[in-house]
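Just the heavy atoms: all of them, side chains too, but no hydrogens, waters or symmetry mates, feed the values below. For clarity, every value in this text was computed on a predicted model and none was experimentally measured.
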Amino acid sequence: MQLPTPDPDTATDWVREHLGDLCRDEPVASGAFRGGQTAADAAVAALDLTGYAKRRNEVLPVSRRGATALSPWIRHGLVDLPAAWDAAADAPPRDRAKFRDELCWQEYARHLYARLGTRTRSALRAAPARAEQGWDEPWPAEMACVDACLTELHTDGWLVNQTRMWLSSQWTVRAGHEWAGGESEFFAHLLDGSRAANRLGWQWTVGAGTGKPYGFSRWQVRKRAPQLCGTCALSDACPIEHRPADPPSRPAPEPDPRLRSDPDPGTTGGPAAPVATGPEPQAVWLTAESLGDADPALDAHPDLPAVFVFDEPLLRRLRLSGKRLVFLAQTLADLGERRAVLVHRGTVADELDGTPVAVTHAPVPGFTTRSAAVRPVVVHPWPWLYRPHGGPVTSFTAWRRRLPRRGGKPSTTPPQQGA
């Protein structure tokens with residue numbers, strides 16, 4: 001079913017009217033982020049990485065935060081990783097190196113997900129550090145630190161790296177709940193939510209990816225957001241006063257051989273040059289991975305309309321927060337001010353049936369299945385920061401050793417969850 005193209009000023013109402021039944025909550029706009037290339041370009045233009053290396057993990061007050069908050073636009077291709085890398089060129093050396101290291105972490109997550117796909121739903125290298133005595137509620141609202149994080153997640157659809165680790169460690173390492181459930185909660189609300197980065201971040205925090213879990217305790221809160229303890233009703237009986245106890249040992253998962261080698265990295269990375277297999281395209285098929293003006297397919301076909309399909313079966317299953325769909329609607333509305341944009345709701349293959357389309361390859365399993373049904377006539381390369389190699393992805397360090405130089409070698413700082 002074709003829908004009217006959203007208007008920039010009424011995107012929330014548009015989602016409420018046309019997609020509201022697919023949301024888990026009442027559609028509202030993020031309190032901190034707006035979708036679209038215009039907003040993304042403004043964020044990049046205002047980027048100041050001075051002090052980033054020292055302050056990126058600060059939580060409160062907000063004025064002390066060093067995180068760039070570019071991740072919602074990066075996640076949807078409004079700022080691709082090569083562009084973000086170049087934007088850091090004039091930053092102080094230490095800050096530039098740290099920022100680019102975080103971009104490499106994002107690229108590593110994409111390489112891992114492109115290679116393993118749905119295998120990332122379960123622990124990759126070690127049993128998660130899951131507390132034996134579970135809590136009834138993994139994220140108790142009585143804890144001021146947890147409540148503040150959840151308020152920001154539900155209002156803005158974003159969290160700094162440090163509070164992502166707090167909540168994920170609290171959910172599994174301390175409260176004993178299955179990590180995949182908490183990961184899905186993050187995915188539903190985060191504007192930058194992707195299975196690649198989100199799952200890898202959770203695996204890293206609970207020790208499933210490294211065997212070394214992150215233990216959340218009051219020490220981190222006092223260091224990064226000390227005012228929260230002063231307002232907490234549980235301040236005198238803090239349930240996270242001490243580091244979590246060591247969890248009981250559990251059998252390690254069966255290692256996936258693809259962690260050590262990829263027999264076909266060319267297929268994993270998609271085409272290295274445009275591949276045409278049919279007649280001239282009549283439209284550019286946009287995916288949620290690549291919505292920016294610099295999307296290779298959009299850029300190569302400037303006179304064609306762009307087509308985006310809100311995948312109804314997928315959205316019914318995921319039950320995302322309305323904030324995420326409003327962000328997408330704002331993005332499509334913004335693009336619609338520069339070129340023709342057609343918006344559909346339904347099954348992707350059915351909505352595009354009979355239309356020869358050009359598309360940019362997306363390194364996610366869903367693209368592979370939908371592309372096989374849509375059969376695009378031109379597939380353009382994904383704008384990798386580094387094309388996937390066939391070597392090990394067992395860890396960030398192992399993956400990084402195989403990278404060529406790109407205007408600055410990634411640092412040796414342990415990876416985190418985004419920039």
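In summary, Glu152 and Arg65 engage in a salt bridge, as defined by a charged side-chain N under 4.0 Å from a carboxylate O. Glu183 and Arg121 are not joined by a salt bridge, as no carboxylate oxygen comes within less than 4.0 angstrom of a charged side-chain nitrogen. Residues Asp311 and Arg317 are not paired through a salt bridge, judged by the lack of any N-O separation under 4.0 Å between the basic side chain and the carboxylate. Between Asp156 and Lys323 no salt bridge is recorded (no basic side-chain N to carboxylate O distance below 4.0 Å). Salt-bridge check for Glu241 with Arg174: failed, with every basic side-chain N at 4.0 Å or more from each acidic carboxylate O. Ion pairing between Asp13 and Arg16 holds under the 4.0 Å rule for side-chain N and carboxylate O.
Residue Met143 holds its CE atom at 4.0 Å from CD1 of Ile240, rounded to the nearest 0.5 Å. Atom CG in Leu342 sits 15.0 Å away from atom CH2 in Trp285 (nearest 0.5 Å).
For the pair Asp9 and Arg34, the tightest heavy-atom approach, listed with the atom from each and the gap, is N-NH2, 4.4 Å. Here the shortest heavy-atom pairing between Leu49 and Leu47 reads CD2-CD1, 3.9 Å.
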*Check the pair Ser122, Arg119 against side-chain hydrogen bond (donor to acceptor under 3.5 Å, both in side chains), reporting the backbone distance first and the verdict last.*
CA-CA 6 Å; Ser122 56; Arg119 173 62 180 82; 2.9 Å; yes

*When you look at Phe187 and Trp202, which way does the ring pair (Phe, Tyr, Trp, His ring centres under 6.0 Å) test go after all the steps?*
CA-CA 11 Å; Phe187 184 81; Trp202 274 76; over 10 Å; no

_What verdict does the side chain to side chain contact (heavy atoms under 4.5 Å, CB included) test give for Glu185 and Leu167, after you've listed the backbone C-alpha separation in whole Å, the side-chain angles of each residue and the deciding distance to 0.1 Å?_
CA-CA 11 Å; Glu185 280 297 304; Leu167 287 180; over 6 Å; no

*Evaluate the criterion side chain to side chain contact (heavy atoms under 4.5 Å, CB included) for residue pair Leu320 and Leu315; output intermediate values, then yes/no.*
CA-CA 7 Å; Leu320 300 178; Leu315 292 174; 4.0 Å; yes

_Between Ser235 and Arg218, is the side-chain hydrogen bond (donor to acceptor under 3.5 Å, both in side chains) condition met? List the steps._
CA-CA 10 Å; Ser235 182; Arg218 191 174 189 175; 3.0 Å; yes

*Please walk me through it: do Val359 and Val374 pass side chain to side chain contact (heavy atoms under 4.5 Å, CB included)?*
CA-CA 10 Å; Val359 69; Val374 171; over 6 Å; no

*asked:* What verdict does the side chain to side chain contact (heavy atoms under 4.5 Å, CB included) test give for Tyr386 and Arg402, after you've listed the backbone C-alpha separation in whole Å, the side-chain angles of each residue and the deciding distance to 0.1 Å?
replied: CA-CA 10 Å; Tyr386 300 97; Arg402 296 289 297 271; over 6 Å; no

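Aromatic ring orientation, Phe327 versus Trp73: tilted (interplanar angle from 30° to 60°). Relative ring orientation between His189 and His154 is described as tilted, the plane-to-plane angle lying within the 30° to 60° band. Using cut-offs of 30° and 60° for the angle between ring planes, the His389 and His111 rings count as perpendicular.
A heavy-atom distance below 4.5 Å is not found between the side chains of Glu107 and Trp85. Using a 4.5 Å heavy-atom threshold, the side chains of Trp158 and Pro72 count as touching. Between Leu191 and Arg75, the closest side-chain pair of non-hydrogen atoms is not below 4.5 Å. In this structure the side chain of Trp171 never reaches within 4.5 angstrom of the side chain of Val206, judged on heavy atoms. Using a 4.5 Å heavy-atom threshold, the side chains of Leu298 and Leu286 count as touching. The side-chain heavy atoms of Arg345 and His18, taken from C-beta on, include no pair separated by under 4.5 Å. In this structure, the side chains of Arg316 and Pro313 stay at 4.5 Å or more apart for every pair of heavy atoms. Residues Tyr113 and Pro365 meet the side-chain proximity criterion, which asks for heavy atoms closer than 4.5 Å.
Legend: residues meeting ring pair (Phe, Tyr, Trp, His ring centres under 6.0 Å) with Tyr108, ordered by chain and number and at least two apart, are Trp105, Phe396, Trp399.
Counting non-hydrogen atoms of neighbouring residues, nucleotides and ligands closer than 6.0 angstrom, the CZ atom of Arg260 reaches no more than 12 such neighbours.
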